[in-house]
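Structure record follows, encoded as structure tokens.
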Amino acid sequence: MTEIFKLKPVYLLGLISALVLFLACTKPEVENYYLIVGENLTEVELSTINDLKADLKKVINSEVSIISEKEALSKTGIFFVLGTIESNMLIKNLASEDKIALSSKKPGPRGGIWAKTRLLNEQKAIVIAGSDVQGLQYSIYDFSQEILGVDPLEYWTGKLPHKKSKEDIYNFTPKIIAPPKVPVLTYFENDVDELANYRGELLEYDWESYTEMINSLIRLRYNAIQLFDMLGRPEFFIRPEYKKLKPDYQIDVSYVEKMIDYAHEKGMKVAIDFALGYQIHPMQEDKATCWKAYKEDWLKAWRYYLEETPLSKTDIFILRPRHQVWDWEYKSSCGESKIEVFNEVYEDFGNLVDEYKPHATKVLVCYSDGMEMWNEGFRPPKDWIVLWSDHGFGEFEYLPNTTDGYNFGTYMHAGYWLNHTVHNPYPEKVETVMKDMFQNYGADNYCLVNGQNFRPFLLNLEAYSAVCNNPQTFNGDDFYTSWTERYFNKEAAQHAVSSMKWLHKAQVGRKGYVEHLWEIREAVSYLSNAPIRRPGKTPIPFDYTRVEGDYTTTASCAENLQKSLIEARKGWEIDQGDFYHAYILLPVQIYSDLIAFETTLHEMSKLKKKYETTQNTKFLEEAKKLLPKAKKELEKVYKRRESGDLDDKWKDWYAIKNRRQNNGFPNIAMLKAIEDNFNKMTP
């Protein structure tokens with residue numbers, strides 16, 4: 001060693017530099033991660049464990065391998081033991097030796113555990129296991145979210161996890177994942193035009209977006225999905241608006257089956273409403289209004305579903321006591337009592353289900369007419385679960401007189417067709433209403449949640465999941481805080497919550513974005529002296545009283561939206577991330593643009609009415625002067641919707657060409673019609 005110091009300084013410096021470089025390039029050995037699975041693992045278990053593997057790869061730099069319980073273990077590494085007592089003998093042995101507290105009854109179906117233990121060679125291991133496969137899923141996905149920091153909605157929010165050390169991953173307290181209060185939580189795939197259209201293929205579901213939706217839902221404890229639009233709903237091939245949009249629309253049956261198979265692979269049951277109007281095998285409309293004359297046609301159509309289509313793979317059979325082609329009340333064309341009709345229908349269809357799928361779940365969804373029928377004595381066989389429906393915005397207009405010993409559940413809306421463009425956030429309402437339904441009506445056997453086109457309704461969708469999982473711990477205000485702080489810093493989150501609360505108040509009285517489109521049609525009709533024309537329906541005459549009735553609610557909406565916008569902008573100054581813009585700021589801007597346009601139409605309507613009352617031409621001239629303002633506001637509506645999100649991933653989501661065909665959409669031609677009418681009215 002002393003010889004080194006006899007070297008010339010220049011050589012000594014070079015030697016030291018080389019030593020430093022060597023040490024810098026020499027990294028400590030990286031421990032690999034091993035996911036130990038049983039010999040009897042199911043397809044769903046493997047899918048979930050592959051998700052855990054992918055989640056780990058997001059937060060560590062080591063290799064992650066899935067290995068069999070029978071393989072010899074490495075002397076070093078981080079080990080996860082994964083599965084159930086039925087699928088993994090290692091877990092069964094750990095349970096029998098009381099090293100972990102797990103059985104089919106503890107914590108019970110859909111429950112699971114996180115634990116720490118030592119394997120036979122004294123290697124430390126993390127055990128993530130379930131009383132059944134679904135319990136394993138919940139346990140793994142909870143671990144990914146809470147310990148690894150993987151957002152269950154990552155695809156939609158863009159939130160990515162941070163890197164983790166080995167110590168971070170071991171740093172958890174053993175935990176029991178209790179079974180959820182509501183055993184079946186089903187997502188209703190309904191009114192999903194935007195999700196289907198925004199990538200350019202109209203009414204053809206994008207595989208990536210749709211499967212990513214399923215991936216997120218299963219992480220949120222939704223364990224079933226009701227396919228509806230996917231089956232070719234009647235509007236798509238019958239209504240003129242849709243025939244104009246896509247004249248060659250044709251359901252892809254093999255694609256439907258592929259989607260059903262994917263849902264099953266992810267551990268979700270598939271629910272189907274066995275209505276008879278789907279393009280997959282449509283029944284004639286006139287046969288849907290007289291059960292006694294066409295009973296055999298109904299049964300024949302259902303048999304076709306069960307024998308010749310992918311609907312044979314249904315797990316949960318849903319039926320509504322309504323018109324079986326169109327989504328409206330059943331009105332018999334042959335003098336029947338609809339209560340007597342559906343007492344028979346549910347018995348006969350139930351027998352058919354028992355023949356093809358013994359022990360399958362059967363669900364009756366009561367809409368407003370169905371709830372009235374229930375309270376008037378309609379009763380299906382006792383093996384049907386009865387779902388009570390909200391009015392579309394999280395509350396109930398009707399309540400059951402009695403549950404009569406039936407298993408009850410709820411049909412709730414995270415999104416609704418009156419507000420499917422802009423969400424109506426209401427976690428506090430989710431708390432109070434759902435807890436009341438659980439406590440007073442025992443409606444905790446099933447929950448069906450309508451999520452419309454999914455992306456705008458993430459907050460409410462997760463709120464319903466949380467309250468159905470554990471109503472005792474769910475608090476609406478706390479949920480608001482934790483959800484927003486998951487994505488934004490605390491200060492921005494406070495403004496986000498405040499903005500969303502004002503946005504909710506702007507929609508009091510079930511007055512969502514799409515409802516205002518109808519109000520605009522009423523105003524345009526009056527201003528242009530032209531009836532409202534609707535395909536296949538009787539025109540509605542122009543009427544000032546219709547417009548006048550909208551003044552107060554629109555003004556209140558505008559006031560609350562302004563407060564919401566102020567709060568959203570304050571948060572935007574702090575957090576200018578894509579997701580804050582997409583979920584907090586942009587929806588309020590889009591809604592405010594529309595209300596500003598409607599408000600100008602209302603101002604014009606008031607002036608036109610004054611002219612009609614007084615014949616004073618100054619009022620008509622003042623109304624004309626507002627037309628350029630209305631045009632600029634309408635152009636702003638289009639521009640904002642066309643420009644859409646900051647993230648190119650969501651380009652065209654709000655484009656008018658992709659929107660659901662509900663209540664039409666205002667256009668420049670309407671303003672021209674108003675101008676022409678004003679000119680005709682001028683003396």
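Computed from a prediction, not measured in an experiment: that's the story for all the values here. Reckoned from all heavy atoms, side chains included, excluding hydrogens, waters and symmetry mates. Count residues from 1 along the sequence.
Taking the six-membered ring for Trp and the full ring otherwise, the centers of Tyr446 and Phe408 sit at least 6.0 Å from each other. Aromatic ring centres of Tyr411 and Tyr367 lie closer together than 6.0 Å. Ring centroids of Trp388 and Tyr441 are separated by 6.0 Å or more, keeping the two rings apart. The distance between the ring centers of Tyr513 and His516 does not fall below 6.0 angstrom. In this structure, Tyr242 has its ring center at least 6.0 angstrom away from the ring center of Tyr249. Checked against the 6.0 Å centroid threshold, His602 and Tyr551 count as a close aromatic pair. Separation of the Tyr583 and Trp483 ring centroids falls under the 6.0 Å cut-off. Checked against a 6.0 Å centroid threshold, the rings of Phe393 and Tyr426 do not count as neighbours.
Dense packing is recorded around CD of Glu612, with more than 12 heavy atoms of other residues, nucleotides or ligands lying under 6.0 Å away. For NZ of Lys505, the number of neighbouring non-hydrogen atoms (other residues, nucleotides, ligands) closer than 6.0 Å is 12 at most. Other residues, nucleotides and ligands contribute at most 12 non-hydrogen atoms within 6.0 Å of the NZ atom of Lys672. Taking a 6.0 Å sphere around NZ of Lys159, one finds it holds more than 12 heavy atoms contributed by other residues, nucleotides or ligands. Atom NZ of Lys246 has more than 12 neighbouring heavy atoms from other residues, nucleotides or ligands inside a 6.0 Å radius.
Under the 3.5 Å distance criterion, with hydrogens and angles disregarded, no donor-acceptor pair is assigned to the side chains of Thr421 and Arg659. Between the side chains of Glu598 and Thr554, at least one donor-acceptor pair of N or O atoms lies under 3.5 Å.
Side-chain atoms of Thr289 do not come within 3.5 Å of backbone N or O of Ser333 as any donor-acceptor pair. Distance alone, capped at 3.5 Å, places no donor-acceptor pair between the Ser498 side chain and the Gln494 backbone. The closest donor-acceptor contact from the side chain of Asp575 to the backbone of Gly571 lies at 3.5 Å or more, if one exists at all. Of the possible donor and acceptor atoms, one in the side chain of Arg534 sits under 3.5 Å from a partner among the backbone N and O of Thr538. Checked by atom type and distance alone, the side chain of Asn450 never pairs as donor or acceptor with a backbone atom of His413 at under 3.5 Å. Side-chain atoms of Asn475 come within 3.5 Å of backbone N or O of Asp478 as a donor-acceptor pair. The backbone N or O of His495 lies less than 3.5 Å from no partner atom in the side chain of Ser499, so there is not a single donor-acceptor pair.
A search for salt bridge (charged side-chain N to carboxylate O under 4.0 Å, His left out) contacts involving Arg533 returns nothing, not counting sequence neighbours.
Residues in residues 654-682 take part in these ring-ring contact (aromatic ring centres under 6.0 Å, His included) pairs, two or more places apart or across chains: Tyr638-Phe665.
Interatomic distance, CZ of Arg486 versus OG1 of Thr157, reported as 7.5 Å (0.5 Å rounding). Here Lys624 contributes atom NZ and Asn677 contributes atom CG; the two are 10.5 Å apart, rounded to the nearest 0.5 Å. Here the straight-line distance linking atom OG1 of Thr484 with atom CG of Leu459 works out to 8.5 Å at 0.5 Å rounding. Taken from CD in Glu397 to OG in Ser368, the straight-line distance is 7.5 Å, to the nearest 0.5 Å.
For the pair Arg455 and Trp653, the cation-pi test (distance below 6.0 Å, angle within 45°) is passed. A cation-pi geometry, defined here as NZ or CZ lying under 6.0 Å from the six-membered ring centre and within 45° of its normal, holds between Lys608 and Tyr526. A cation-pi arrangement, defined by a distance under 6.0 Å to the six-membered ring centre and an angle within 45 degrees of its axis, is absent between Lys243 and Phe236. The cationic group of Arg322 does not satisfy the cation-pi geometry with Trp328, failing either the under 6.0 Å distance to the six-membered ring centre or the 45° limit from the ring axis. In this structure, Lys649 forms a cation-pi arrangement with Tyr155, its terminal cationic atom sitting closer than 6.0 Å to the ring centre and no more than 45° off the ring axis.
The two atoms that bring Leu627 and Leu671 nearest to each other are CD2-O, 4.0 Å, heavy atoms only. Across all their heavy atoms, Leu202 and Lys657 have their closest contact at CD2-O, 4.4 Å. Across every non-hydrogen atom of Ala630 and Met604, the tightest pair is CB-SD, 4.5 Å. Between Ala275 and Arg320, the closest heavy-atom pair is CB-NH2, 4.4 Å. Between Pro234 and Val325, the closest heavy-atom pair is CG-O, 3.4 Å.
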Checklist line | Trace of the ring-ring contact (aromatic ring centres under 6.0 Å, His included) decision for Phe454 with Trp156 | finding: CA-CA 10 Å; Phe454 188 75; Trp156 312 93; 4.9 Å; yes

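Ionic pairing of Lys563 and Glu559 is present here: one or more N-O contacts between side-chain nitrogen and carboxylate oxygen are shorter than 4.0 angstrom.
Taking the six-membered ring for Trp and thresholds of 30 and 60 degrees, Phe474 and Phe479 have ring planes inclined between 30 and 60 degrees apart.
Results of the side-chain contact (heavy atoms from CB on, under 4.5 Å) test with Gln661 over Glu235, Lys244, Arg239 single out Arg239 as the only residue that passes.
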